[in-house]
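Heads up, the thing below is written out as structure tokens.
Values below: every heavy atom of this structure, side chains too, minus hydrogens, waters and symmetry copies.
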Amino acid sequence: MKTSALDIDLVPRATLADMPDEAVEHGEVFTRRWIVEMILDLVGYRSDQDLSLLRLVEPACGTGAFLGVIAQRVSNSCRKHERDITDALDAVRASDLLPRNVAASRALVERILTAEGWASNDASRVAQAWVRRADYLLEQPPGTPQVDVVVGNPPYIRLEDLPEERMSLYRALWPTMVGRADIYVGFFEAALRSLRAGGRLGFICADRWMRNQYGRELRKLVGDEFALDACVTMHDVDAFEEQVSAYPAVTVLRRGVQESAVVADTTSRFGETAAQDLLSWIGRREDRPFQKETFEAARMPHWFSGDDMWPTGSPARLAVLEDLTERFTVLGQASGVRVGIGIATGADKVFITRDPDLVEADRLLQMSMVRDTTSGHLEWSGHYLVNPWDDNGHLVDLKQHPKLWAYFMRNAAALRGRYVAKKNPEKWYKTIDKVESGLRRQPKLLFPDMKLSSHPVLDKGGEDGFYPHHNLYFITSDVWDLEVLGGILLSKVAEAFVDAYAVKMRGKTLRFQAQYIRRIPVPDPAVLTSAQKERLIDAFRKRDVEAATSAAMDVYNLTEWPG
């Protein structure tokens with residue numbers, strides 16, 4: 001039975017807290033102390049504040065990696081502000097599903113507070129008040145925001161590993177958990193929605209949600225209602241007590257308007273001292289990127305909005321990419337420019353041929369394939385598209401084309417067996433995509449789908465033009481000299497946008513798909529000087545990437561290009 005969000009309060013909480021212990025244990029990863037210290041500093045949870053007046057939540061406390069540090073900071077804060085530790089009874093709320101973790105965390109808090117000089121009875125009261133057994137995702141229903149800080153290391157458990165009823169409950173409460181999400185997506189949403197104005201979240205967690213499909217709704221939520229203050233990528237850092245392949249990042253989000261955002265990337269040598277160096281650099285609010293042996297960091301004036309994937313790359317490069325996006329119009333929104341993909345047939349073995357006499361001559365279109373672009377110049381391999389469409393976008397009458405009729409009948413079983421044909425039985429010989437009248441004759445830049453580097457190739461169009469295969473993406477334009485645009489797109493500047501957004505294939509092969517090509521910013525062609533155009537054309541014709549990059553940097557008014 002599917003349970004809606006309206007039904008949640010009708011379900012007994014005690015029965016919902018019984019997740020199998022082995023699933024919870026599988027999702028536990030314990031964070032090193034210096035990482036905890038860094039996260040608390042990033043969210044501004046320091047002892048110089050009166051922490052008894054704040055409300056901090058840790059959604060999955062485990063055995064107390066965060067709570068131990070939190071207890072010491074609260075204790076120090078109470079001393080500095082001349083408060084009793086019992087004034088902080090409501091300052092912290094931590095939860096965990098495993099009873100033994102709850103017991104261990106309470107014992108740790110009590111031990112630390114007692115060692116700090118507080119009365120044992122008071123330390124015990126605080127520990128009991130702070131830590132409880134609960135399922136955070138079920139005990140934290142959407143409601144009035146009341147939390148100042150949420151910190152922690154949410155569990156890593158795939159949704160499909162949970163009992164179906166529990167999975168349905170989670171999805172009903174936290175709609176950002178779409179697709180094959182990890183449970184931590186729900187922790188992000190629940191924590192964010194609990195924050196009052198100005199409240200901050202600081203998690204160390206896998207960063208996959210930033211760049212895959214199941215994270216799209218969470219990215220949209222962040223872009224619409226919250227702000228990213230900092231993102232520190234730590235893929236090679238020894239951040240946890242056990243060796244895990246978690247691809248972690250420390251992410252700090254805030255309920256408020258997006259301001260500048262700090263991005264940092266670390267090396268395997270990043271540790272406690274380097275973390276302090278990073279915090280010092282952030283505190284100085286420097287605008288220039290910072291680089292040393294253990295990390296690189298940059299302060300970006302904005303962050304990326306919507307549900308699109310967040311980019312990857314060095315902080316300095318991300319800062320440049322964002323600057324270019326701010327100053328120029330991206331291809332997907334540029335006037336007079338179209339980015340598209342070649343034709344998908346659903347049966348290439350039938351619809352693509354090298355036999356010029358296979359069917360009537362007017363039913364064949366010269367076709368460009370990926371292999372035709374290898375040299376950087378279009379070299380036709382002799383392939384044709386067997387075209388079932390007329391110039392008005394309708395399927396041709398096969399009775400008027402006896403050779404085409406006979407050919408399709410010989411291949412009827414393969415054609416009728418396709419999904420597109422089963423949906424439209426009367427149009428069983430259609431291709432998945434329609435053939436666009438005139439596209440073959442249009443000049444266009446072609447991009448092979450998968451390539452190690454940017455590789456635009458010119459199809460001059462006209463009577464000798466080609467119709468692109470679906471493994472080729474194309475750009476047409478009414479306003480650009482395509483060789484000028486080709487020079488820009490050949491450059492490392494343009495390639496960097498695809499590299500930042502595209503899913504990497506084995507061997508670091510890039511996907512030059514339309515969604516990524518559309519992200520490349522370009523200037524207004526009318527403002528380019530004759531000298532700039534000539535440099536770009538020359539670089540494009542010679543396939544000189546270095547010259548194209550230099551010319552593009554001049555066009556974009558860049559003095560240097562980050563590695």
When rounded to the nearest 0.5 angstrom, what is the spacing between CE in Met38 and CD in Gln276? 9.5 Å
If I take atom CG from residue Leu253 and atom OG1 from residue Thr251, how far apart are they, to the nearest 0.5 angstrom? 6.0 Å
Note: Asp265-Arg317 ion pair, threshold 4.0 Å (strictly below): no
Looking at Lys220 and Glu217, is there a salt bridge between them, counting it only when a charged N and a carboxylate O are closer than 4.0 Å? no
Treating Arg200 as the side-chain partner and Gly44 as the backbone partner, does any N or O pair qualify as donor plus acceptor under 3.5 Å? no
Contact check, side chains of Val370 and Asp449, non-hydrogen atoms, under 4.5 Å: no
Do side-chain atoms of Ser77 reach the backbone of Leu51 as a donor and acceptor pair under 3.5 angstrom? yes
Using a 3.5 Å distance criterion without hydrogens, assess whether the side chain of Arg416 forms a donor-acceptor pair with backbone atoms of Trp428. no
Checking side-chain polar atoms at under 3.5 Å, does Glu189 have a donor or acceptor matched by the opposite partner on Thr176? yes
Between Arg158 and Ala181 (side chain of the first, backbone of the second, donor and acceptor by atom type, cut-off under 3.5 Å), is there such a pair? no
Apply the test side chain to side chain contact (heavy atoms under 4.5 Å, CB included) to residues Trp303 and Trp310: give CA-CA distance (whole Å), side-chain angles for both, the deciding distance (0.1 Å), then the verdict. CA-CA 9 Å; Trp303 189 244; Trp310 291 356; 3.4 Å; yes
Counting only heavy atoms not in Glu272, do more than 12 fall under 6.0 Å of its CD? no
Apply side chain to side chain donor-acceptor pair (under 3.5 Å) to the pair Glu116 and Ser75, showing each step before the final yes or no. CA-CA 7 Å; Glu116 291 281 319; Ser75 174; 3.3 Å; yes
Not counting sequence neighbours, which residues clear ring pair (Phe, Tyr, Trp, His ring centres under 6.0 Å) with Phe497? List them please. none
Residues in side chain to side chain contact (heavy atoms under 4.5 Å, CB included) with His470, at least two apart? Ala344, Asp348
Counting only N and O atoms by type, is there a donor-acceptor contact under 3.5 Å from the side chain of Arg255 to the main-chain atoms of Phe226? no
Any chance you could lay out the ring-ring contact (aromatic ring centres under 6.0 Å, His included) test for Trp209 and Phe188, step after step, and finish with the verdict? CA-CA 10 Å; Trp209 67 275; Phe188 266 99; 5.0 Å; yes
So, using ring pair (Phe, Tyr, Trp, His ring centres under 6.0 Å) as the criterion, who are the partners of His302 when residues are at least two apart? none
Point-to-point distance, once rounded to the nearest 0.5 Å, from CZ of Phe304 to CD of Gln258: 10.0 Å
Of the non-hydrogen atoms in Gly202 and Ile39, which two are nearest, and what is the gap between them? O-CG2, 3.5 Å
Would you check if the distance from the ring center of Phe295 to the ring center of Phe290 is below 6.0 Å? yes
About how many Å separate CE of Met450 and CD of Gln513, when rounded to the nearest 0.5 Å? 9.0 Å
Given Asp207 and Thr233, is the side chain to side chain contact (heavy atoms under 4.5 Å, CB included) satisfied, shown in steps? CA-CA 8 Å; Asp207 66 0; Thr233 303; 4.2 Å; yes
Side-chain ion pair, Asp96 and Arg133, N-O less than 4.0 Å: no
Should Phe474 and Leu472 count as side-chain neighbours, where that means a heavy-atom distance under 4.5 Å? no
When you compare the side chain of Thr345 with that of Ile432, does any pair of heavy atoms fall below 4.5 Å? no
Do the non-hydrogen side-chain atoms of Thr114 and Glu110 ever get within less than 4.5 Å of each other? yes
Before you tell me yes or no, could you show the steps for Ile112 and Gln72 under side chain to side chain contact (heavy atoms under 4.5 Å, CB included), namely the whole-Å CA-CA distance, both residues' side-chain angles and the distance that decides it to 0.1 Å? CA-CA 7 Å; Ile112 288 173; Gln72 287 186 328; 3.5 Å; yes
Close side-chain approach of Ile70 to Val151, heavy-atom, < 4.5 Å: yes
Whether over 12 other heavy atoms sit under 6.0 Å from Glu160 CD: yes
If we ignore angles and hydrogens, is there a donor and acceptor under 3.5 Å between the side chains of Ser52 and Asp50? yes
Name the one of Arg93, Arg196, Arg254 that satisfies salt bridge (charged side-chain N to carboxylate O under 4.0 Å, His left out) with Asp148? Arg196
Parallel, tilted or perpendicular, judged at 30° and 60°: which one describes the rings of Phe447 and Phe512? parallel
Arg299 side chain to Ile282 main-chain N or O, any donor-acceptor pair under 3.5 Å? yes
What one should report as the nearest heavy-atom pair of Arg219 and Asn212 is NH1-O, 2.9 Å
Taking all atoms of both residues into account, what is the closest heavy-atom pair of Phe203 and Ala191, and its distance? CZ-CB, 4.1 Å
Once you measure the plane-to-plane angle for Tyr136 and Phe187, does it fall in the parallel (<30°), tilted (30-60°) or perpendicular (>60°) bin? parallel
When you measure from the side chain of Thr325 to the backbone N and O of Leu321, does any donor-acceptor pair fall under 3.5 Å? yes
Minimum heavy-atom separation for Ile85 to Val126, with atom names? O-CG2, 3.8 Å
Does Thr294 reach the main-chain N or O of Arg269 with its side chain, forming a donor-acceptor pair under 3.5 Å? no
Classify the side-chain pair Asn153/Thr31 by whether it contains a donor and acceptor separated by less than 3.5 Å. yes
So that I can tick it off, tell me whether Asp90 and Arg55 are bridged by a salt bridge, with the cut-off set at under 4.0 angstrom between side-chain N and carboxylate O. no
Would you check if the side chain of Ser105 reaches a backbone N or O of Gly62 as a donor-acceptor pair within less than 3.5 Å? yes
Show, in sequence, the C-alpha distance, side-chain angles and deciding distance for Leu173 and Leu137, and conclude whether the side chain to side chain contact (heavy atoms under 4.5 Å, CB included) test is met. CA-CA 8 Å; Leu173 276 172; Leu137 293 185; 5.9 Å; no
Least distance between heavy atoms, Pro301 atom then Glu322 atom: CD-OE1, 3.1 Å
Quick one, Ile520 and Val493 - any side-chain contact, counting heavy atoms below 4.5 Å? no
Are there more than 12 heavy atoms of other residues, nucleotides or ligands under 6.0 Å from atom CZ of Arg132? no
Minimum-distance pair of heavy atoms, taken over all atoms of Trp281 and Ala298: CH2-C, 3.6 Å
What I'd like to find out is whether the side chain of Leu159 reaches to under 4.5 Å of the side chain of Met177, using heavy atoms alone. yes
Is there a donor-acceptor pair closer than 3.5 Å between any side-chain N or O of Arg418 and the backbone N or O of Lys430? yes
Using 0.5 Å steps for rounding, measure from the CG atom of Leu56 to the OH atom of Tyr45. 4.5 Å
Supply the atom-to-atom distance Glu296 CD to Lys292 NZ, rounded to the nearest 0.5 angstrom. 12.5 Å
With a 4.5 Å cut-off on side-chain heavy atoms, are Met300 and Leu318 touching? yes
Please determine if Arg125 forms a cation-pi arrangement with Trp118, meaning its NZ or CZ atom is less than 6.0 Å from the six-membered ring centre and no more than 45° off the ring axis. no
